[in-house]
Undergrad: 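Once you've had a glance at the structure underneath, I'll fire off some questions.
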Amino acid sequence: MRIINTFISDGGEVPEYVVDCLMQARHYNKDVPIDFICADNQHFFNDLKINWIRQDGLSRGTLVSKFNRVCKFKRHGTPNTTYPSPELFWHRTAERIFYLAQHMELWSMYNVFHFENDVLLYHPLSEVKTNEKISVTPMSDFQTTFAFCHIPSHNAITELCTYFNEALLHGEDKLLRFGYDHISEMSLLNMAFRNKLVEGFPTLQNLENKDGFIYDPGSYGQYFGGTNNGHSEGFTDPKHYIGEAIRRGYLSPKINDGKPETQFNRIFNLHIHSKNLKGFINV
């Protein structure tokens, strides 16, 4: 088992919330190797026993290079946020998956967990029930996220990235006809999910296994901590499966002894969209 996370940028220090994410991941996974792909070595890597993987060492790989040739969407992220989206935001968020795949392919890796840098884990990864396919977190009819995912093999992530590149060859205008308002890694992953190339972790409830976990694609974290777009705690998005279930009273998320849960299940992770991870650290 291994954790591989990324922060693809032009260099410098990663945001402070990334440190919080990795610190809690290490707390619950003391002996799991953690690789972090980024441009520059970070001051906290040694203390948390994190392996720095040089971004530029993977940038000329086949998967990354082809993505950068075929990807034509250059949209900026949402403006006027607490953490402003950099130029090429949607490009970079998709590109990171290709760096991840490039690293896994290089070392023929298996049994890898990947989660986004504004995600906090609340339990050891050894307790996750995995599948033979890549497992991801569905959020809405048109958004499926890499907020928390398991990748069984390097072959699986290579095949997924190949699918993404083939889809991108059709051009953004054609892909938008499938009902998306923009093209990003979430819409590309949603296409793969619709076509059963990946599987979804349970996100709403798991009544057959009340001791089991459900996973947060983004909505539980928005409910507890608000969003990076100025929404306060208690926010629910009616387009999200979880948001609509909370609004209708089917789910009642709460924090119990520092860990998130619903009336049915424990929540394995929180995707803290507001980036205020410090308010939800449990170590």
Undergrad: Under 30°, 30 to 60°, or over 60°: which ring-plane class applies to H114 and F146, parallel, tilted or perpendicular?
TA: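 Perpendicular, since the angle between the ring planes exceeds 60°.
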
Undergrad: Locate the shortest heavy-atom distance separating N190 from S140; write the atom from each residue and the value.
TA: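 Looks like ND2-O, 3.9 Å.
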
Undergrad: F193 and F142: same hydrophobic cluster, using ILVMFWY side-chain contacts below 4.5 Å?
TA: yes

Undergrad: When rounded to the nearest 0.5 angstrom, what is the spacing between CD in E127 and CZ in F213?
TA: 4.5 Å

Undergrad: Would you find more than 12 non-hydrogen atoms of other residues, nucleotides or ligands less than 6.0 Å from R194 atom CZ?
TA: yes

Undergrad: Can you check side chain to side chain donor-acceptor pair (under 3.5 Å) on D35 and H103, steps first, answer last?
TA: CA-CA 10 Å; D35 294 347; H103 181 48; 2.9 Å; yes

Undergrad: Within a 6.0 Å radius of atom CG on N195, are there more than 12 heavy atoms belonging to other residues, nucleotides or ligands?
TA: yes

Undergrad: Is the shortest side-chain heavy-atom distance between E95 and N68 below 4.5 Å?
TA: yes

Undergrad: Could you check whether atom CD of Q263 has more than 12 heavy atoms from other residues, nucleotides or ligands sitting under 6.0 Å from it?
TA: yes

Undergrad: Does the pair K275/E16 count as a salt bridge with the N-to-O cut at 4.0 Å?
TA: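 Between E16 and K275 there is no salt bridge, as every charged N stays at least 4.0 Å from the carboxylate O atoms.
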
Undergrad: Please examine the side chains of I8 and Q55, heavy atoms only from C-beta on, and report whether any two atoms are closer than 4.5 Å.
TA: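 Yes, side chains in contact.
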
Undergrad: Out of curiosity, T6 OG1 to E116 CD, how far, rounded to the nearest 0.5 Å?
TA: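 With rounding to 0.5 Å, OG1 (T6) is 8.5 Å from CD (E116).
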
Undergrad: Nearest 0.5 Å, what's the CG-CZ distance between N165 and F67?
TA: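 These two atoms lie 7.5 Å from each other.
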
Undergrad: Using the side-chain contact (heavy atoms from CB on, under 4.5 Å) criterion, which residues pair with I255? Sequence neighbours excluded.
TA: F224, P260, L270

Undergrad: Tell me, do L63 and T158 make a side-chain contact under 4.5 Å, heavy atoms counted?
TA: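 The answer is yes, as the side chains (C-beta and beyond) meet within the 4.5 Å cut-off.
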
Undergrad: Once you measure the plane-to-plane angle for F98 and F164, does it fall in the parallel (<30°), tilted (30-60°) or perpendicular (>60°) bin?
TA: tilted

Undergrad: Report yes or no: do V19 and I34 belong to one cluster of Ile/Leu/Val/Met/Phe/Trp/Tyr joined by side chain heavy-atom distances under 4.5 Å?
TA: yes

Undergrad: Would you mind reporting whether M1 and L125 have side-chain heavy atoms less than 4.5 Å apart?
TA: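 Counting from C-beta outward, L125 and M1 do come under 4.5 Å.
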
Undergrad: Less than 4.0 angstrom from a charged side-chain N to a carboxylate O is my criterion; do E159 and K133 meet it?
TA: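 Salt bridge absent between E159 and K133.
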
Undergrad: Within a radius of less than 6.0 Å around NZ of K196, do more than 12 heavy atoms belonging to other residues, nucleotides or ligands occur?
TA: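 No, not enclosed.
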
Undergrad: Working to the nearest 0.5 Å, report the span between CD1 of I37 and CD1 of I4.
TA: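 Atom-to-atom, I37:CD1 and I4:CD1 are 6.0 Å apart.
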
Undergrad: If two hydrophobic side chains count as joined below 4.5 Å and joins carry through other members, does Y28 share a cluster with I272?
TA: no

Undergrad: I want to know whether F7 and F36 have ring centres closer than 6.0 Å.
TA: no

Undergrad: Picking from F148, F115, Y122, what satisfies ring pair (Phe, Tyr, Trp, His ring centres under 6.0 Å) with F268?
TA: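 Testing each of F148, F115, Y122 against F268, the sole residue satisfying ring pair (Phe, Tyr, Trp, His ring centres under 6.0 Å) is F148.
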
Undergrad: Taking all atoms of both residues into account, what is the closest heavy-atom pair of C161 and A101, and its distance?
TA: SG-CB, 3.7 Å

Undergrad: Counting the benzene-type ring for Trp, do H271 and Y220 have ring centres under 6.0 Å apart?
TA: no

Undergrad: Under 6.0 Å from the CG atom of D31, do we count more than 12 heavy atoms belonging to anything else shown?
TA: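 Incorrect, the count does not exceed 12.
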
Undergrad: Do P217 and T144 have side-chain heavy atoms sitting under 4.5 Å apart?
TA: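 Sidechains of T144 and P217: no contact.
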
Undergrad: Do any pairs count as a salt bridge (charged side-chain N to carboxylate O under 4.0 Å, His left out) and have a residue in residues 236-252, sequence neighbours left out, and if so which ones?
TA: E244-R247, E244-R248

Undergrad: Evaluate the side-chain contact (heavy atoms from CB on, under 4.5 Å) criterion for residues M186 and M139: first the C-alpha distance (whole Å), next the side-chain angles of each, then the deciding distance (0.1 Å), finally the verdict.
TA: CA-CA 9 Å; M186 291 187 291; M139 187 160 68; 4.1 Å; yes

Undergrad: I'd like to know if the side chain of Q24 reaches the main chain of I281, judged simply by a donor and an acceptor atom lying under 3.5 Å from each other, with no hydrogens or angles considered.
TA: no

Undergrad: Identify the heavy atoms of H27 and N282 that sit nearest to each other, and give their distance.
TA: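 Smallest heavy-atom distance, with atoms named: CD2-O, 4.0 Å.
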
Undergrad: Could you work out, with side-chain contact (heavy atoms from CB on, under 4.5 Å) as the rule, every residue matching S153, not counting sequence neighbours?
TA: Y110, N155, A156

Undergrad: State, to 0.1 Å, how close N5 and I3 come at their nearest heavy-atom pair, and which atoms those are.
TA: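 Minimum heavy-atom separation between N5 and I3: OD1-CG2, 3.9 Å.
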
Undergrad: What I'd like to find out is whether the side chain of M104 reaches to under 4.5 Å of the side chain of V112, using heavy atoms alone.
TA: yes

Undergrad: Only one of N269, T203, I267 forms a side-chain contact (heavy atoms from CB on, under 4.5 Å) with I214, so which one is it?
TA: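 Among N269, T203, I267, the one meeting side-chain contact (heavy atoms from CB on, under 4.5 Å) with I214 is I267.
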
Undergrad: How many angstroms lie between atom OH of Y241 and atom OG1 of T137, to the nearest 0.5 angstrom?
TA: 12.0 Å

Undergrad: Would you say Y163 and I134 are hydrophobically clustered, going by side-chain heavy atoms of ILVMFWY under 4.5 Å?
TA: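 As far as the 4.5 Å side-chain criterion goes, I134 and Y163 are connected within one cluster.
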
Undergrad: Show the numbers, then the answer: is there a side-chain contact (heavy atoms from CB on, under 4.5 Å) between C38 and F45?
TA: CA-CA 12 Å; C38 62; F45 280 175; 4.0 Å; yes

Undergrad: Taking all non-hydrogen atoms of both residues, which atom of S9 and which atom of A39 are closest, and how far apart?
TA: O-CB, 4.0 Å

Undergrad: Of all the heavy-atom pairs spanning L48 and R26, show the shortest one and how long it is.
TA: O-NE, 2.8 Å

Undergrad: Report yes or no: does S187 contribute a side-chain atom to a donor-acceptor pair with the main-chain N or O of S184 at less than 3.5 Å?
TA: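 Yes; judged by distance alone, with no hydrogens or angles, the pair exists.
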
Undergrad: How long is the gap from CG on L189 to CG on L160, to the nearest 0.5 Å?
TA: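 If we round to the nearest 0.5 Å, L189:CG and L160:CG are 6.5 Å apart.
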
Undergrad: Could you go step by step and tell me if L277 and C21 meet the side-chain contact (heavy atoms from CB on, under 4.5 Å) rule?
TA: CA-CA 7 Å; L277 274 66; C21 163; 3.8 Å; yes

Undergrad: I want to check something: taking the side chain as every heavy atom from C-beta on, are L204 and T262 in contact at a cut-off of under 4.5 Å?
TA: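 The answer is no; the side chains never approach within 4.5 Å.
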
Undergrad: Could you walk me through whether S135 and T130 pass the side-chain contact (heavy atoms from CB on, under 4.5 Å) check?
TA: CA-CA 7 Å; S135 298; T130 58; 5.7 Å; no

Undergrad: Can you tell if the side chain of E132 reaches within under 4.5 Å of the side chain of E199, non-hydrogen atoms only?
TA: no

